[in-house]
Amino acid sequence: MKSNGNLMGGFIDYLVYEKRYSVNTVENYLRDVADYFSKSGLDVSGPGETVIPESLRALLSSGGVEICRKMLSFSTDDVLSCLTKDMLRAYVMSEVKEGRAASTVNRRLSSVSCLCRLAVKAGMLPSNPVNKVRHLKQPVRLPAFYTEEALAGYVEDNPLEACSVSDTRNRLIVLLLYSTGIRRGELVSLKVEDVDLSRRVLRVMGKGGKMREIPLTDEISEKILLYLRKVGAKPGMPLFVTDSGKPLYPAFVNRVIKAQLVDDEGFVGKKSPHVLRHTIATHLLNRGADLNAIKEMLGHATLASTQVYTHNSFEQLKKTYLTAHPRAKKGGKHGD
């Protein structure tokens, strides 16, 4: 898409074509910025008359196309008039009064900041006004994860040999997410040829169009081979399809995870593909895996994203210490 000097057009181009963010990420950025504009006086509820090129339509959901159409109808002058320190501070205050979570407010500020950086680069703003606005303090939240015992029980209680094709697919989805730590979006885009069983690796297209290879254990390789034989898989086919033969989609994967991981088998708390990603990262770290190796496996852009799992490992170490240390109980008084 050609921005034609329009700031919002350039912003959409930047997210879609330069950064090559996933559909969900692009649309989250646009929704965040749209929310800021709507509370800063720009009308984002109108139909918008801008024609969206087919090349962009194909990359977004119908909702994302509508957001693009509305935002492209804004003039650059109107957009720039909203990007001021005072308006940003007023926005934060209104969000706090409405009881919005600090993480949500900070994320929206970051999305607006991305737009401001683009405007600064284009010479439309002298500096980024978001840098002059204090972000809200967020409580430290440790990533949720399941125990090794729960996953071991799931594997032992769910052999694939006698399962139907649908059950085999569903159980393999859980095992593959846990074994490799891939994202939900990466799972649904997998093709049969992305699995190289001769080398025991899985090729994954991650964020920003970056390809990475993830090692496969002998156990998961055998289960994948069993599944491929059951479905008669051929190169070019999606690795996983729905019961009607269509490619997987995010909501389908979510339903599979919720159905497969039940509380009475040790899977307490949230049931999601991302918790399985947190789980394998935490388990590997607890067993002494190198942090950089985990970073490469997960496809994180920076080590800082991976280091959050060290908090889980420290909590596990602390729990073990207080349980096992001979002087950790009763204030160290053991009748000596």
Side-chain angles (χ1 to χ4, degrees), residues 1-46 48-53 55-56 59-60 64-98 100-138 207-210 300-305:
M1 183 180 69
K2 304 278 187 179
S3 62
N4 294 325
N6 180 285
L7 178 56
M8 294 313 304
F11 183 55
I12 295 169
D13 283 351
Y14 174 75
L15 298 176
V16 175
Y17 300 112
E18 185 171 337
K19 298 301 291 183
R20 298 178 67 185
Y21 286 142
S22 68
V23 171
N24 286 339
T25 300
V26 170
E27 294 183 359
N28 285 337
Y29 268 95
L30 296 179
R31 288 191 185 96
D32 287 345
V33 173
D35 182 81
Y36 173 73
F37 284 156
S38 69
K39 294 173 182 175
S40 300
L42 281 181
D43 181 18
V44 295
S45 61
E49 300 300 330
T50 306
V51 176
I52 305 297
S55 58
L56 183 59
L59 297 173
L60 300 172
V65 169
E66 288 308 305
I67 295 175
C68 284
R69 179 178 288 114
K70 293 167 185 175
M71 297 181 81
L72 286 171
S73 67
F74 298 152
S75 72
T76 296
D77 287 342
D78 286 343
V79 170
L80 292 175
S81 70
C82 293
L83 301 179
T84 68
K85 176 185 67 177
D86 291 340
M87 294 189 76
L88 285 160
R89 285 178 175 172
Y91 173 74
V92 172
M93 290 176 62
S94 69
E95 292 292 278
V96 171
K97 288 180 180 178
E98 291 180 13
R100 202 79 64 210
S103 58
T104 300
V105 178
N106 290 342
R107 190 200 68 233
R108 288 175 177 171
L109 280 177
S110 295
S111 297
V112 176
S113 181
C114 182
L115 173 62
C116 290
R117 289 196 301 272
L118 199 66
V120 171
K121 186 177 180 180
M124 298 177 182
L125 286 176
S127 62
N128 186 344
V130 178
N131 294 339
K132 300 174 183 178
V133 178
R134 181 176 296 178
H135 283 54
L136 301 180
K137 186 175 182 180
Q138 295 179 222
K207 290 186 175 181
K210 295 179 180 178
H300 283 157
T302 65
L303 194 60
S305 300

Query raised in the report: Closest heavy-atom contact between Met87 and Ser40?
Result: CE-O, 3.2 Å

Query raised in the report: Under the 3.5 angstrom rule, does the side chain of Thr76 hit a backbone N or O of Asn6 as a donor-acceptor pair?
Result: no

Report summary line: Taken to the nearest 0.5 Å, the spacing of Tyr21 OH from Tyr29 OH works out to 4.0 Å

Report task. State whether a side-chain donor-acceptor pair under 3.5 Å links Ser73 with Arg69. Result -> no

Requested in this report: Please examine the side chains of Cys114 and Tyr14, heavy atoms only from C-beta on, and report whether any two atoms are closer than 4.5 Å.
Outcome: yes

Query raised in the report: Between Thr84 and Pro129, what is the shortest heavy-atom contact and its length?
Result: C-CB, 4.0 Å

Query raised in the report: Would you call Glu27 and Arg31 a salt bridge, using N to O less than 4.0 angstrom?
Result: yes

**Report entry** Side-chain donor or acceptor of Arg108 paired with backbone N/O of Val92 under 3.5 Å
**Finding:** no

Query raised in the report: For Met124, which of Asp77, Leu80, Leu83, Leu118 qualifies under side-chain contact (heavy atoms from CB on, under 4.5 Å)?
Result: Leu80

**Report entry** Within 6.0 angstrom of Lys207 NZ, more than 12 heavy atoms from elsewhere
**Finding:** no

Query raised in the report: Can you find a heavy atom in the side chain of Leu115 that is under 4.5 Å from one in the side chain of Leu7?
Result: yes

Query raised in the report: Does the side chain of Phe11 come within less than 4.5 Å of Leu15's, by heavy atoms?
Result: yes

Requested in this report: With the side chain counted from C-beta on, respond yes when Arg107 and His135 share a heavy-atom pair under 4.5 Å apart, and no when they do not.
Outcome: no

Query raised in the report: Would you say the side-chain atoms of Ser22 and Thr25 include a donor-acceptor pair closer than 3.5 Å?
Result: yes

Query raised in the report: Got a second to check how far Asn106's CG is from Asp32's CG, nearest 0.5 Å?
Result: 11.0 Å

Query raised in the report: Do Tyr91 and Asp35 have side-chain atoms, one donor and one acceptor, less than 3.5 Å apart?
Result: yes

Requested in this report: Might you point out which heavy atoms bring Ala102 and Gln138 nearest each other, and give the distance in Å?
Outcome: CB-CG, 3.8 Å

Query raised in the report: Which atom names give the shortest non-hydrogen contact between Arg100 and Lys39, and what distance separates them?
Result: NH2-NZ, 3.2 Å

Query raised in the report: Would Asn28 and Ser111 count as having a side-chain donor-acceptor pair, cut-off 3.5 Å?
Result: no

Query raised in the report: Within the side chain of Tyr36, is there an N or O that forms a donor-acceptor pair under 3.5 Å with the backbone of Cys82?
Result: yes

Query raised in the report: To the nearest 0.5 Å, how far apart are CD1 in Ile67 and CE in Met8?
Result: 10.5 Å

Requested in this report: Check the pair Val26, Leu30 against side chain to side chain contact (heavy atoms under 4.5 Å, CB included), reporting the backbone distance first and the verdict last.
Outcome: CA-CA 6 Å; Val26 170; Leu30 296 179; 4.1 Å; yes

